[in-house]
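Computed from a predicted model, the values in this text were never measured in an experiment. Here is how names work: the chains are called A, B, and so on, in the same order as the sequence lines, proteins then strands, and each is numbered from 1.
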There are 2 protein chains.
Amino acid sequence: MNKELKTRLQDVAKHSGVSMMTVSRVLNKNGMVSDKTRAKVQVAVKELNYRPNVSARRLASSKSFFLGLLYDNPSTSYVSQFLLGSLKFCRASGYHLVVDEADNDLAKTLKSVKELINITQVDGLILLPPVCDIPEVLDTLTTANIPFVRVSPNSQLHISPYVCMDDYQAAFEITEQLINQGHINIAHIIGHPDVGASRLRYQGFLDALRSNKISVPPEYIEQGYFTYKSGLSAAQKLLSLENRPSAIFASNDDMAAASISAAHMNNIQVPSALSVVGFDDTSLASTVWPHISTVRQPIQEMAKMAVELLVSGKFDDPTSTKKSDLRHVLDFEIIQRESSAELR
Amino acid sequence: MNKELKTRLQDVAKHSGVSMMTVSRVLNKNGMVSDKTRAKVQVAVKELNYRPNVSARRLASSKSFFLGLLYDNPSTSYVSQFLLGSLKFCRASGYHLVVDEADNDLAKTLKSVKELINITQVDGLILLPPVCDIPEVLDTLTTANIPFVRVSPNSQLHISPYVCMDDYQAAFEITEQLINQGHINIAHIIGHPDVGASRLRYQGFLDALRSNKISVPPEYIEQGYFTYKSGLSAAQKLLSLENRPSAIFASNDDMAAASISAAHMNNIQVPSALSVVGFDDTSLASTVWPHISTVRQPIQEMAKMAVELLVSGKFDDPTSTKKSDLRHVLDFEIIQRESSAELR
DNA sequence: ATTTTTCGTGTTAGCGCTATCATATTGTTC
DNA sequence: GAACAATATGATAGCGCTAACACGAAAAAT
């Protein structure tokens, strides 16, 4: 560790002719500094390419500069994408990320949460679905007064800031695209019942059909669990129906991939005899053949937003924030690939 | 941040009736402490459930307690698995992980490495393939005298510790398993030429055939790049051969998945008319249908080992270590699933 | 013009730990 | 048992930063 190289707060202070404390205030954006001094300091920071020492900061301040990320067990690629995104933005803001997997067991999950709070002393927590909807976890955090951000939560939307995308609208649009391609017999594989997005996507699907005056027979709706396996058995049922659907909308890519497999197994050509669309645009969507038409979720952007919300400190005082500021919706994108096509 | 809760070094010192410095010495395993005092202190540490404050440590010591992880662009699931593994073990050892993606551009990659060294001041670096074989990166690290561990490296094996598995042997065994299932016409899709493991797997494949007196026509060997796409075009060629192989051994799961897709496209049943085996046992292997028979790489264990090697400090002085200590081989496992079967 | 309030800035102490050196306690040699 | 080396422990001073207060200057109120 080369000590000569590092610029310290003192160097910046000397260079701009003020005290260390003033520089500190400028960097932490709290406290009051006149515009003139602030500008002066900022110039010095830039010129010296100063980067604060996270450890010294953490040691001296009441903040830990740690954020926690708690994930459950959705698709691996979803978690890893989110993870990479948040690591990147944490680093940019001088924070560190402590990652923990929530166990299936509620008691263990709560233990993890408490350890993050008491031992690691995180400044805030990011909760991925479906952990973000476990009431006991939310209670623990609220009681401990730890700020947290939830990703695509399902319930109790007023208790914390959250990032999400418009699952309903995306489902509506991708369904409508199938309709525009001439499909009428469209089946749906619902996502995991514990994940709120599943319901929204299902609703979007239904409403798209309704607004186009298309009715859905009940046997066109199958319950899945976001896993390949569940998708496979759902698709098998759909494809063995008397009146086989010409298109399947699966609530995520894993189940869409499974639908394609099921089609292969039954010698049904995709997309000529069956169109399949998924949701999420995980790497899987372009790793199976044919590539899956899907909805791109901006996972990295969601991670960035989640980190930013915590870092900003805007929500540190839970009583002072208005409901309207809690919701942060990011844009999606419909991706047309080879697994869906015009009905012939 | 609740200050009352945390046990400090001082508390441990008081509790065991020695000075802070002695406790520090016990914890850091350097310096000399008598066995009696060490025992006393260790008891106190346990009783008080003491956890050292990483930031204070970092601030006061010459170490940064940061490790860097540099990855390139192999399969997402490989990276994310490794990432999760190393995060876990870093946390357990009180280190933090700084992750950086190596750009395709050499200059940018070197810039990342230098930033990790100079700005973040990492204590050590983990290099994933194929970054672990870029001479300029290795040179930079050697010059800066930063310890690093490489994962499945290809070349210059004497310059740093590394973790790997026996790719050759694993390839040999999974090929032999196909042979034992009655297969004679076995094709191979080679992995990315820049990744050393590709060659080892290819060699293991060849030697398994040779030792069973089976000859391979040259058209049974296709070059791939570890991507689904490259695997698809390779498999297409293999399956359109006059004398079609009855089995394909792909150098990773992505290309095995592609081979299965290609089979579907050509109306070839897997595994009844074509057996396919892969390598890595990433999540993909059990997300396509049929599930892929493959070699399980112990990715998380490799991550753990890599972190441990750096944390141990055994290799901080590059001149003092013997060649024999550098190599760390972990066990693999052959996983038989539904994509391969007895030849009928 | 004086008091009060605000704002902007500097001063001091210390966060929890380790490096460094000083000191105390052994053990070893002749 | 004196003289030395080796080993074991303690005291002190920071690492780079911020909290908490102190203080002067400007603005507002009397």
Side-chain angles (χ1 to χ4, degrees), chain A residues 1-42 44-45 48 50-66 94-95 119-121 123 313, chain B residues 1-42 44-45 48-66 94-96 119-121 123 313:
Chain A
M1 215 160 133
N2 194 334
K3 268 152 199 169
E4 277 70 54
L5 243 76
K6 264 289 202 188
T7 347
R8 289 158 333 204
L9 196 61
Q10 213 175 28
D11 305 325
V12 182
K14 231 171 248 170
H15 195 269
S16 49
V18 294
S19 75
M20 279 167 59
M21 205 50 225
T22 305
V23 180
S24 169
R25 271 189 274 256
V26 170
L27 291 170
N28 291 287
K29 289 168 190 174
N30 51 15
M32 28 204 67
V33 188
S34 73
D35 291 350
K36 215 197 298 179
T37 353
R38 185 195 316 285
K40 214 165 42 177
V41 170
Q42 278 164 344
V45 168
L48 298 176
Y50 170 73
R51 304 282 206 93
N53 180 317
V54 187
S55 304
R57 217 175 191 179
R58 177 151 43 217
L59 189 57
S61 77
S62 53
K63 293 166 93 180
S64 76
F65 292 92
F66 280 120
Y95 277 70
I119 311 284
T120 316
Q121 316 214 9
D123 289 337
Chain B
M1 217 161 133
N2 194 332
K3 267 153 201 171
E4 279 70 54
L5 244 78
K6 264 287 200 190
T7 351
R8 287 155 332 194
L9 196 61
Q10 212 176 30
D11 305 325
V12 182
K14 230 171 247 170
H15 194 268
S16 48
V18 296
S19 76
M20 278 168 58
M21 206 48 228
T22 305
V23 180
S24 171
R25 270 190 276 258
V26 171
L27 292 170
N28 291 289
K29 290 168 190 175
N30 52 13
M32 27 204 68
V33 188
S34 72
D35 291 351
K36 215 197 301 180
T37 345
R38 186 194 316 286
K40 215 166 42 177
V41 170
Q42 277 165 344
V45 167
L48 298 176
N49 189 28
Y50 171 71
R51 304 282 207 91
N53 180 317
V54 188
S55 304
R57 219 175 187 177
R58 177 151 45 218
L59 188 57
S61 78
S62 53
K63 293 165 93 181
S64 76
F65 291 92
F66 280 120
Y95 277 70
H96 282 283
I119 310 282
T120 317
Q121 315 216 9
D123 289 336

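- Comparing D:dG10, C:dC17, C:dT9 by their nearest atom to the side chain of A:Thr22 picks out C:dT9.
- Within the structure, a side-chain polar atom (N or O) of A:Ser24 is placed less than 4.0 Å from OP1 or OP2 of D:dT18.
- Each of B:Arg25 and A:Asn28 has a nearest nucleotide on DNA chain D; the 5'-most of these lies closest to B:Arg25.
- The CE-C1' distance, from B:Met32 to C:dA22, rounds to 16 Å in whole Å.
- One finds no side-chain N or O of B:Asn53 lying less than 4.0 angstrom from the OP1 or OP2 phosphate oxygen of C:dC15.
- Distances were taken from every side-chain heavy atom of A:Val18 (C-beta onward) to each of C:dA19, C:dC17, C:dG10; the shortest belongs to C:dG10.
- Not a single donor-acceptor pair under 3.5 Å links the side chain of B:Ser55 to the backbone N or O of A:Arg58.
- Put simply, A:Ser34 has a side-chain N or O that comes within less than 4.0 Å of OP1 or OP2 on C:dT9.
- Atom pair B:Asp11:CG and C:dC15:C1' shows a separation of 14 Å (rounding to whole Å applied).
- As rounded to whole Å, 10 Å separates atom C1' of D:dT18 from atom CG of A:Leu59.
- Residue whose closest nucleotide on DNA chain D sits further toward the 5' end, between B:Val33 and A:Gln10: B:Val33.
- Remark: P of D:dC15 and CG of B:Leu9 are 19 Å apart, rounded to the nearest angstrom.
- Between B:Thr37 and D:dT9 there is a side-chain N or O to OP1 or OP2 distance below 4.0 Å.
- Side-chain contact between A:Asn53 and B:Leu59 is present, with at least one heavy-atom pair separated by less than 4.5 Å.
- Dashed line: the shortest gap from a side-chain N or O of B:Ser61 to OP1 or OP2 of D:dC15 is not under 4.0 Å.
- To the nearest angstrom, P of C:dC15 lies 7 Å from CZ of B:Arg8.
- Within the 3.5 Å criterion, the main-chain N or O of A:Met20 finds no donor-acceptor partner in the side chain of A:Ser24.
- Atom CG of A:Asp35 and atom C1' of C:dT9 are 15 Å apart (whole Å).
- Using modelled atom types, one finds a donor on one side chain and an acceptor on the other under 3.5 Å when comparing A:Arg57 with A:Asn28.
- Atom P of nucleotide C:dG16 and atom CE of B:Met21 are separated by 17 Å, given to the nearest angstrom.
- Counting to the nearest Å, the P atom of D:dC17 and the CZ atom of A:Phe65 are 11 Å from each other.
- Of the charged side-chain nitrogens involved, none lies within less than 4.0 Å of a carboxylate oxygen, so that B:Asp11 and B:Lys14 do not count as a salt-bridged pair.
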